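Only one structure is covered here, and it is reproduced in the block below.
None of these values were measured; they are calculated from a predicted model.
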Amino acid sequence: MSADLAAFPDRETVADKLDALGEADQAYLRLLMENPQQDENLLEGLDVHLNRAAAARFLNSLKLERLGEWLGETAPARLQMRLTEAARSSQHAAHAAFRAGLTRSGGLEKAYPKA
């Protein structure tokens, strides 16, 4: 049973990893992004993380920008559009900060270059 939990992390675990974003957490998330079957878990975890940030008393916009920039640089091309959709899903300042970092990374332009 614990192998199933390790293979398929829940969205809360992914949200916690995105919140901490230390070296070990980055390695874990890179492994998660290598497997296309984990895309839903990653995006649901990102949604939970952004919702937590939006509900928090203090908005750490620099941390959210850094997360957006890191994900934009690290995520494979198949995830770039979905990350952009997640960033644009709300007008809240938490989503705006994440969107700013994601845009700054240029991940979407790398994945889909202009013709």
Exercise. Is it true that a side-chain atom of Asp47 and a backbone atom of Leu43 form a donor plus acceptor pair closer than 3.5 Å?
Worked result: no
ask   = Taking side chain as C-beta onward, heavy atoms only, is His49 less than 4.5 Å from Leu64?
value = yes
Using a 4.5 Å side-chain heavy-atom cut-off and chaining through intermediate ILVMFWY residues, the residues clustered with Met81 come out as Leu108, Tyr112
Minimal heavy-atom distance between Ala94 and Ala53, with the atoms involved, is CB-CB, 4.1 Å
Between Leu21 and Asp25 the two heavy atoms that sit nearest each other are N-OD2, 3.5 Å
Distance col, row Asn51:CG vs Arg11:CZ, nearest 0.5 angstrom, shows 9.0 Å
Residues at least two apart in sequence or cross-chain that pass salt bridge (Lys or Arg N to Asp or Glu O under 4.0 Å) with Asp16, listed by chain then number, are Arg52
Here the gap from Leu102 atom CG to Thr84 atom OG1, rounded to the nearest 0.5 Å, amounts to 4.5 Å
In short, salt bridge (charged side-chain N to carboxylate O under 4.0 Å, His left out) pairs touching residues 89-105 with sequence neighbours left out are Glu65-Arg104, Glu69-Arg104
Contacts of Lys63 meeting salt bridge (Lys or Arg N to Asp or Glu O under 4.0 Å) (sequence neighbours excluded), chain-then-number -> Asp19
Q | Flag for Asn41-Glu44: side-chain donor and acceptor within less than 3.5 Å | A | no
Backbone of Lys114 reached by a side-chain donor or acceptor of Glu109 within 3.5 Å:
no
Hey, does Val14 have a side-chain heavy atom less than 4.5 Å from the side chain of Leu32? yes
Heavy-atom donor-acceptor pair, Glu73 side chain to Gly107 backbone, under 3.5 Å: no
So the salt bridge (charged side-chain N to carboxylate O under 4.0 Å, His left out) pairs with at least one residue in residues 84-97 (sequence neighbours excluded) are none
Across all chains, not counting sequence neighbours, the salt bridge (Lys or Arg N to Asp or Glu O under 4.0 Å) partners of Glu40 are Arg82
Interatomic distance, CZ@Phe98 vs OG@Ser89, rounded to 0.5 Å, equals 9.5 Å
- For the residue pair Pro9 and Lys17, establish whether any side-chain heavy-atom pair is separated by less than 4.5 Å. no
So CZ of Arg66 and OG of Ser105: to nearest 0.5 Å the spacing works out to 14.0 Å
Tightest non-hydrogen contact, residues Met33 and Pro76, listed as O-CG, 3.7 Å
Scanning both residues in full, the closest heavy-atom pair of Leu46 with Leu71 reads CD1-CD1, 4.2 Å
d(Leu67 CG, Leu50 CG) to nearest 0.5 Å is 7.0 Å
Ala15 and Gly45 have their tightest heavy-atom pair at CB-O, 3.4 Å
Between the OG1 atom in Thr13 and the OH atom in Tyr28, the distance rounded to the nearest 0.5 Å is 6.0 Å
